[in-house]
Amino acid sequence: MLAGYPLLSLAVWLPICAGILVLATGSERNAPLARWIALLGSVLAFAVTLPLYLRFDAATANMQFVEFTAWIPTFHINYHLGVDGISMPFVLLNSFTTILVVIAGWQVIQNKTSQYMAAFLIMSGLINGVFVALDAMLFYVFFEAMLIPLFLVIGIWGGPRRVYAAVKFFLYTLLGSLLMLVAFIYLHFESGGSFEIIDYYALPLSLPVQILLFVAFFLAFAVKVPMWPVHTWLPDAHVEAPTGGSVVLAAITLKIGAYGFMRFNLPITPDASHYMTGFIITISLIAVVYISLVALVQADMKKLIAYSSISHMGFVTLGIFLFNNIGMEGALLQMISHGFISAAMFLSIGVMYDRMHTRQIADYGGLVNRMPVFAAFLMLFSMANAGLPGTSGFVGEFMVILAAIKVNFWYAFAAATTLIFGAAYTLWMYKRVIFGAITNPEVAKLTDINPREFGFLAVLAALTLAMGIYPQPVTNVMHVSVDNLLAHVAQSKLP
Amino acid sequence: MNFALSDLMPLLPEVFLLAAVCGILILDLFLGEDQRYITYILTLATLAGCGWLTFSTATGVTVYTMHGMFVDDLLSDSLKLILYFTVAISLVYSREYIRLRGMFQGEYFTLILFATLGMMVMISANHFLTLYMGLELLSLSLYALVALQRDSAIASEAAMKYFVLGALASGMLLYGMSMVYGTTDSLEIPRIALVLQADIGNRMVLIFGLVFIVAGLAFKLGVAPFHMWLPDVYHGAPTAVTLFIGTATKIAAFAFTIRILAQGLQMLSPDWQQMLAIMAVLSMAVGNIAAIAQANFKRMLAYSTISHMGFLLLGLLAADSAGYSASMFYVLAYVLTGLGSFGMIMLLSRQGFEADRLEDLKGLNQRNPWYAFILLLLMFSLAGLPPTIGFYAKLAVLQAVVHAGYTWLAVVAVIFSLIGAFYYLRIVRLMYFEKPTDMHPIMPPADMQVLLSANGLAVLGLGMLPQPLMALCAYAMERSL
């Protein structure tokens, strides 16, 4: 039976081993082999995560599929893995996205192919590790280690300013996480020598201590989300990253920040979370409104979608810090839906970029004449990005707005402006790129998407629609875990 | 003076080494230029012999001999074994490098062995005078090694600076020791500890002496503000010698510090903790900030060493068994990573080309992806990122510091290690993101290829499974203090 298999370890180590195997194919001569191994590895890695969903027990908030081995007994660090309803969907999302990334880079990457594919596979395993680690130090190891492949991906295969972007990305995220390390060590001693995250949930802490810990965690995760005003690394990293890098950045790594809030900030420092909630909601709303306006004026498509991601993530942090059921589930749904939509948007931009080698909106126009099928797909994804009902983009946003109304009308009012701004910047971009007369002679030579591109866009389109129409399968697994989390937040831990 | 042959048992490795060096020295006179490899092999064999002797005479119990001048405990045995290993690896890495530069001579190997003997004496010293003797034997050999390339102006300058400042530091150390002797009436380390435990005596004089001792130690470790010699010596010395100074001597300097501060002057820990705290912060600041401005890889690693030694002091200033074992782990992690980093410079060098500028690393990933990957691991380990051993070294030290109640120091330390990450990243950036300017094939000897690859993978492997080494450090410290 499946129950006997260490599914979570497989989810972590299978892609990493596949990545090492891909690396071993070596030079460019073996690139086709590298591609096939990468594809096989990513499909297998996704396949082993499927039982996590199928066999998931939605009736309990306890950790499931738990694996436990002592790892570094001197420091009481354990290899402790497990998932609940909050982390499980992300493992699937991540493993699924890796397949897309491998396929998207199939023909486009012609330079150090094996290293490219290997970097993504290894990163996929490490990110799974982030989501399933239940030991603080293990979490930290995965959290930091995943920076290394992403740093290389941006720096090697990125655009002209890739070096600047890669270093900025790395140092920004490192700054946040190092303080988190000190926080972990502090908690280790406070809890009497444990690195188990769950042990910290019951640990009484005074308010000043909670606030300091909250700030340490907040810096680590706010940079990852990224929240205004520490978001500036994201547009640079996105613009310079290759398509695959952008997809993983937007679809997965941003979610790690929000996941961190749910796993660390809220349950470990609930009183500080309540204390800081006004501040967090304010900067979330600034992200939603102000960053939307910034997105409106972008001339570069990737930058536009990057800013749109920041704005959407503002919704997520808003939903988390409203401390109610709908908000939290809305935030989770928004994260998963954004995983699909942002991946689709970046892949679509990649499709255009591979043909035209420009991302400037001004270089396009009249694309519908040459690429009608592609135009139809982009239409759907743009609508989803703007939050059209019937697409997955709508469900999460709507739930967060509903939750916000319960707390404060003006929160909801500010948040709802995104429905207008979001539609404005996405559809305006769509209009300028797709419609109108062909002004650039290069556009006139374009051909429509090939079967490979059709494949991944169609899958994402189906998922976007399915989640928009019937989100139940996703929300079902979350309910109990979210309720459990809210119970932790509601309970004061002041001694 | 009574003397029994069994007194010599614990210092069998030292006696063997001394006899072997003398033998090699004489034998080398009769060897022709093309038979020099015999000296090299004998040197390695001597180290292996020492290793066997140390291992087989290790009892796990602490034995004092030579009337309390010399100690053989678990700490000394484990550090010595690691020392032989380090010296042997550094010899393998250096062979091709020194051969191409006309230093493949008997003197090189005998000096290295004498330095090793000095370090062994330091590691096992139980008496201030023994410590001092070991230190001088080491230092004099090192001065000569740095100056071994007579015609190199930069090496001569480095040797001169090293000698003058080193002599000054030795003087300070001796002066401090004499003050301690004045109040405690003893030079034997455990007895000093006992005397201080019973009655602290004239505190004024003791602290006065302590300041000088700590200054002398700081010089030998290379921590700010006594670090001035380090960049010049690292830069000026032949890379093979830099490798030796940068790795093996750190083990001895660590043992030296433990013997004096932890075993001898533990009672004064509130006083030296403050000094170490200041020096640690200064070192991390100076090392990490100055390293950013360096264009020479060896100089950059020199400043990186300064910052790492600052981190090491953090572990020591926790002043408990956990802190000492954390810093022991830190030293070992640093030595392993340092071996690989300096080894990599020699791997890339060739006749008439030192490969010690940062730009020489450009595009290494295109020239040879495997060595680029190894150097990437080494750099991330120096930066203290998981999953490399450097991370656990940092973690252990930070944990000790927080445990000792210096949370603010831990915060300062992580901020400086963020600054440090910047210049380690620059190496990775040059290797991976830039185009190569130099397309010479990299053709190191096979044994070096294997060892250096193993070295890099050990940094990763011990990063994934650090438990055995950590347990060893904790056990050695517990049994020896």
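In this text, all values refer to a predicted model and were calculated from it rather than measured experimentally.
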Quick one: sort the F139(A) and F221(A) rings into parallel, tilted or perpendicular, breaks at 30° and 60°.
-> perpendicular
Can you say whether A166(A) sits under 4.5 Å from chain B via the side chain, the backbone, both, or neither, judging by heavy atoms?
-> side chain
Can you label the angle between the W71(A) ring and the Y392(B) ring as parallel, tilted or perpendicular, going by 30° and 60°?
-> perpendicular
Top residue by heavy-atom pair count (under 4.5 Å) with chain A, among M470(B), Q399(B), Q366(B)?
-> Q399(B)
Options V428(B), L395(B), V411(B), ranked by heavy-atom pairs under 4.5 Å with chain A, top entry | L395(B)
Checking side-chain contact (heavy atoms from CB on, under 4.5 Å) for the pair L205(A)/L187(A): CA distance, chi angles, key distance, verdict?
-> CA-CA 10 Å; L205(A) 296 164; L187(A) 281 168; 4.2 Å; yes
Is it the side chain or the backbone of F380(B) that comes within 4.5 Å of chain A heavy atoms, both, or neither?
-> side chain
With distance as the sole criterion, is a donor-acceptor pair present between the side chains of S304(B) and Y423(B) under 3.5 Å?
-> no
Non-hydrogen atoms of chain A under 4.5 Å away: do they reach the side chain of L376(B), the backbone, both or neither?
-> side chain
Chain A heavy atoms under 4.5 Å from V401(B): which part of the residue, side chain, backbone, both or neither?
-> neither
Indicate the ring-plane relationship of F391(B) and Y140(A), choosing parallel, tilted or perpendicular according to the 30° and 60° boundaries.
-> parallel
What class does the angle between the rings of H80(A) and F68(A) fall in, given that below 30° is parallel, 30 to 60° is tilted and above 60° is perpendicular?
-> perpendicular
From the list L465(B), L460(B), V459(B), side chain to side chain contact (heavy atoms under 4.5 Å, CB included) with I389(B) holds only for V459(B)
If you tally heavy-atom pairs under 4.5 Å between each of K394(B), M464(B), H403(B), R426(B) and chain A, the highest tally belongs to H403(B)
Taking R429(B), Q467(B), E434(B) one by one, which has the highest count of heavy-atom pairs under 4.5 Å against chain A?
-> Q467(B)
Using distance alone, with no hydrogens and no angle criterion, decide if Y79(A) and S9(A) have a side-chain donor and acceptor under 3.5 Å apart.
-> yes
Max heavy-atom pair count under 4.5 Å with chain B, selected residue of L126(A), V182(A), I148(A) = I148(A)
Which bit of L147(A) comes within less than 4.5 Å of chain B, counting heavy atoms only: side chain, backbone, both or neither?
-> neither
Engaged part of A396(B) at the chain A interface, taking heavy atoms whose separation is under 4.5 Å | both
Which answer fits F151(A), side chain, backbone, both or neither, if we ask what part of it has an atom under 4.5 Å from a heavy atom of chain B?
-> both
Regarding Y164(A) and K168(A), is there a side-chain donor-to-acceptor distance under 3.5 Å anywhere?
-> yes
Residue L175(A) versus chain B: region with a heavy atom under 4.5 Å | both
